[in-house]
Amino acid sequence: MKNIVITGGSSGIGLAAARQLVEKGNRVLIAARSEDKLSEAVEEMKAADSKAQVEYLCVDLSDFNSAKRFALKVKQLMPVIDVLALNAGLYTASKVYYGKSGYEMMISTTHLGHFLVSEILLDNVKAAESGRIVVTSSEGHRMGNINIESFTAPKQGVIPYLNPMLLYCQSKLANILFTRELSDRLEGTGVTVNCFHPGVVATGFTRDIPRAWDAIFQKVLISPAKGARTLVYLAESPEVADVSGEYFANKKVRFTSFKAKNKALMKLLWDESDRILADFR
């Protein structure tokens with residue numbers, strides 16, 4: 001039995017992965033913003049199997065105080081974490097929004113909140129026999145760039161949907177840069193860090209985009225269960241026990257953009273994230 005934490009676990013691939021991992025007899029803690037959705041998800045899994053070891057905690061990763069409280073609770077609940085799945089994310093589609101800590105919503109939820117949570121829980125992952133950190137990224141990273149100014153002052157732009165899409169791609173690039181920098185920093189500890197592209201998953205992210213675009217997406221969307229397969233693979237497969245710092249899709253290592261391999265960009269993002277979150281440790 002493994003102890004597993006999954007952020008963004010109340011819906012989409014996070015919930016699908018939780019179901020699969022619970023069915024395998026693991027203890028899984030899911031986290032998300034909505035207590036109603038989390039409670040419903042846990043009740044559903046326990047109704048399917050009364051012995052299911054699943055629980056939940058609420059967290060708003062865009063609120064760094066919330067992220068800190070969540071991580072400290074998990075630190076007590078699970079002294080040993082075999083798998084930390086940093087899966088939560090969102091796409092704000094037509095507008096630019098800010099999280100509760102004042103940073104652009106997608107970078108704060110998808111990257112900065114996870115940066116803080118992983119830092120607080122790292123000793124728990126190190127305590128595992130073979131600790132793993134799994135990060136959900138996207139092929140969208142290929143259009144991404146890291147613009148530190150946009151963390152607090154993103155441009156709204158004159159073309160609808162364009163700037164939010166670029167901010168989404170930035171957050172997904174940040175996931176890969178974080179994965180590789182953390183993997184380098186953890187070399188020799190026994191902890192692996194990998195990220196993955198789940199595919200274009202039917203998670204409701206297209207509901208706020210123009211109908212014409214949505215119609216195109218609907219033709220290629222896959223189920224959350226299929227999208228979760230690589231997450232589950234990275235969480236438990238012995239084939240990747242010694243693999244770290246890689247980007248996967250369909251359970252295979254894939255090439256990334258050149259920016260996602262840029263060491264200077266990795267350090268820039270890490271140092272800036274460290275500075276932003278210094279007051280929340």
Single-linkage hydrophobic cluster, 4.5 Å side-chain cutoff, Val80 and Val74 together:
no
Please determine whether side chain to side chain contact (heavy atoms under 4.5 Å, CB included) holds for the pair Leu61 and Phe115, giving the CA-CA distance in whole Å, both sets of side-chain angles, and the decisive distance to 0.1 Å.
CA-CA 10 Å; Leu61 290 165; Phe115 187 100; over 6 Å; no
Can Asp274 and Arg281 be counted as an ion pair, charged N to O under 4.0 angstrom?
yes
In one Ile/Leu/Val/Met/Phe/Trp/Tyr side-chain cluster, 4.5 Å: Met106, Leu265
no
Distance in Å, Thr179 OG1 paired with His114 NE2, rounded so as to fall on 0.5 Å steps
11.0 Å
Is the shortest side-chain N to carboxylate O distance from Glu139 to Lys172 below 4.0 Å?
no
Glu43/Lys46 ion pair, N-O < 4.0 Å:
no
What is the distance from atom NZ of Lys73 to atom CZ of Arg69, rounded to the nearest 0.5 Å?
7.5 Å
Value for CG (Leu86) from OG (Ser118), rounded to nearest 0.5 Å, stands at 6.0 Å
Tell me which one of Ile81, Val22, Val28 satisfies side-chain contact (heavy atoms from CB on, under 4.5 Å) with Ile4.
Val28
For the atom pair CG (Leu269) and CZ (Phe178), what is the distance rounded to the nearest 0.5 Å?
9.0 Å
Of all the heavy-atom pairs spanning Ser183 and Ser244, show the shortest one and how long it is.
OG-OG, 2.6 Å
Would you say the rings of Tyr247 and His141 are close, in the sense that their centroids are separated by under 6.0 Å?
yes
Tell me if the centroids of the rings in Tyr91 and Tyr168 come within less than 6.0 Å of each other.
yes
Is the ring centre of Phe280 less than 6.0 Å from the ring centre of Phe64?
yes
Glu236 and side-chain hydrogen bond (donor to acceptor under 3.5 Å, both in side chains): which partner among Lys24, Gln20, Lys2?
Lys24
Gap separating the CD1 atom of Ile6 from the OG1 atom of Thr136, nearest 0.5 angstrom:
9.0 Å
